[in-house]
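The structure appears right after this line, and notes come after that.
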Number of protein chains: 2
Amino acid sequence: MSIRDLARHLDISIGTVSRALNGKSDVNPETRERVLVAAKKLGYVPNQSGRSLRQGTTNTIGFMIESTIESADSGGNFFMPVFEGVQSVFRRHHLDLVALLCGTDEDPATYLNRVVGRRFVDGLIISATTRNDPRISFLLERKIPFVALGRSATRGSYPWIDLDFEGVAATAVARLVHFGHRRIAIGVPASDINLGYVFQDGYKRALKMSGIHFDPELVLRAHSNEEGGYQVASGMLAQKQMPTAVILVNENMAIGLYRRFYEAGIHPGRDVAVVGFRESTQSRFLSPTLTCFRISLRDLGIKLAEALLSTMPAFMSNYPQGRIELVWPMELVPGESDRLWRGT
Amino acid sequence: MSIRDLARHLDISIGTVSRALNGKSDVNPETRERVLVAAKKLGYVPNQSGRSLRQGTTNTIGFMIESTIESADSGGNFFMPVFEGVQSVFRRHHLDLVALLCGTDEDPATYLNRVVGRRFVDGLIISATTRNDPRISFLLERKIPFVALGRSATRGSYPWIDLDFEGVAATAVARLVHFGHRRIAIGVPASDINLGYVFQDGYKRALKMSGIHFDPELVLRAHSNEEGGYQVASGMLAQKQMPTAVILVNENMAIGLYRRFYEAGIHPGRDVAVVGFRESTQSRFLSPTLTCFRISLRDLGIKLAEALLSTMPAFMSNYPQGRIELVWPMELVPGESDRLWRGT
DNA sequence: TATGAAATCGTAAACGTTTACGGAGTCCAA
DNA sequence: TTGGACTCCGTAAACGTTTACGATTTCATA
């Protein structure tokens, strides 16, 4: 069922059929109608390879997510709503979104090279950017439209949207200090993901603002999952003077952290204050409920999509131009995990 | 940087270049070497649209996952490891895997129709199959290679791999009965997903085996997330005679269920027995740890990939033929959530 | 009626591959 | 010297689209 079959069936030329289907102006409204109903009746769908080859564009956007060991068990629930948002924008422009999974046994940069080289996608959204992310320089030099979810320390100008981890650290520290805490630990990712650095910097700055000396012992590196949280709690318990509060950068860590404290007879929200990261159904139903930060992942996805489209020649005209370096604000959602504190 | 440029640069014909790159036999080993090094040096990557158009095959497999409201916050951590497994097999065959996200505002069947019609993928893995899944009959009639993760009640023969929810129900019921329980509730998905039916059937059968009368009141429908778990617990608490045990079909429900019971002063693992579904880092670090079922998602992914390849003409020869209707066994992992039971 | 513009459509080239086919060598045996 | 077998390579068609261009028709106007 190619366009040729359709044309034969209607006894008109394939050029006219193509123009009719693509909404070109120089075609009789009446024949256009005939073409459209015939296409629907015969179930004609244009072959994407053919049109891609001709137009040099695939109408497909790739969202690259890495299923690293660390995030394998936790990344999904974050990305799904983001996809939703991205897709809601793309649909209006007849763009398809595919998620590109880079396995753990392949280097993200070479994977990207293959995908881009094949002309598989017209644009990319990359996520989980590392401190110096080779993908960014690669995409810049190849002039592939992209937007990064998470900035990086890479030189050069490129569009990125990043969560305000510095703000998270500042808000959390200020709140905990206000509750009387002085010894505040943080759990940061063990990987090279850039958010860890941003978060840690924000933490230090916030401590300085409160006149608290920075103690490197309070920075606990761990994987961003339940087991990592368990280790963070263990690290806190092992210190001669246990921190009275902790800020986590991932909500899954909270579960393991709770667990470890329970085992030690310590009750989060009563004996130790916990601030988690992202508000979710999970954080709302934990016991104690987690004080954390709210973010509309769907809106984030929408913004990502718009940012990308504003850099793509075919869609630029519909979107405002200019640098895109956006720090996404988050709102603190009070929970029980840091409220029941009664002082040392 | 097309194959034509490469040929010009080497001063040989494009046909020879193509044959050299594709490992055809009728090419001088020496010139092949020249082609390969030049291709690498110039960074040539074949245009996928061109080859797809010519060969009628895209070398791409789609894994369709629906980001329904229900699973939006929980589906990810399940699929990531599965992707890993699938991809490990595909890589050997130079197949690319993309995740196809069907948004909540689009009908899965029409989405599938578009993707398939465009000749975007050579094969498909579909998941979250419903009771009567229109995608299955669609793919069957269009003769698109596919494998379903989760069987369906649809007539016709097609390859599927399904988790052994009947076995889960049987094992859990038998165990709980052995611990002295007679009034065992279950939490099943509120959606039309087929696993809910399978699970429920297994539950009924297991009750009959133990000589326990089936009470429809004990079947509690809810979303497969934390909030759903909360509602299941509420449902149990509301009954004149509260069930002494509950089996959940999703581990995220456990968190909300725990929450609700805590609020009522009831301790899971002491006052009520809970059996969850899938073993994960989460289930291991909950308090109490969840008695649940272990499954290697990576192996599941590998099996899915092999099943699909065995139905695709280009790869059939490498894989055993025959019907693929596989019930994937799961092993019970004892936790604390159903062990501390001391009887009524 | 002649003319030109507008509307509508057909023709053919082009996108980047792969591959069937045939041609040009080379080598060896008859 | 001829013929055949073999190796290697070039030629050109084909995949399904889109689109620039020109051809034809219609229609109003001079």
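Every chain is numbered from 1, with letters handed out A, B, ... down the list of sequences.
Remark: the B/Asp96 side chain and the B/Thr60 side chain contain no N/O donor-acceptor pair separated by less than 3.5 Å. Looking only at atom types and distance, the side chain of B/Ser52 has no donor-acceptor partner in the side chain of B/Ser49 under 3.5 Å away.
A centroid separation of 6.0 Å or more is found between the aromatic rings of A/Tyr44 and A/His9.
Using a 4.0 Å heavy-atom distance criterion, A/Arg119 is classed as making no nucleic acid contact. Using a 4.0 Å heavy-atom criterion, one finds that B/Gly56 contacts no nucleic acid atom at all.
Salt-bridge formation is not detected for the pair A/Lys24/A/Asp26: no Lys NZ or Arg NE/NH1/NH2 atom is positioned less than 4.0 Å from an Asp or Glu carboxylate oxygen. Remark: A/Asp162 engages A/Arg151 in a salt bridge, criterion side-chain N to carboxylate O under 4.0 Å.
Proximity of residues 31-47 of chain B to DNA chain D (heavy atom under 4.0 angstrom from any strand atom) is restricted to B/Thr31. Contacts with DNA chain C (heavy atom under 4.0 Å) in residues 2-14 of chain A: A/Ile12, A/Ser13, listed by number.
Within the 4.5 Å cutoff, side-chain heavy atoms of A/Ser127 are placed close to those of A/Phe63.
The base of D/dG10 sits within donor-acceptor range of the side chain of B/Arg19, with an N or O pair under 3.5 Å. Residue side chain A/Arg54 reaches the base of D/dT18 through a donor-acceptor N/O pair under 3.5 Å, judged by distance alone.
With C/dT19, C/dA13, D/dC9 as the choices, the nucleotide that has an atom nearest any side-chain atom of B/Thr16 turns out to be D/dC9.
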Which atoms of nucleotides 22-24 of chain D (N or O only) lie under 3.5 Å from a protein N or O atom, and what are those distances?
none

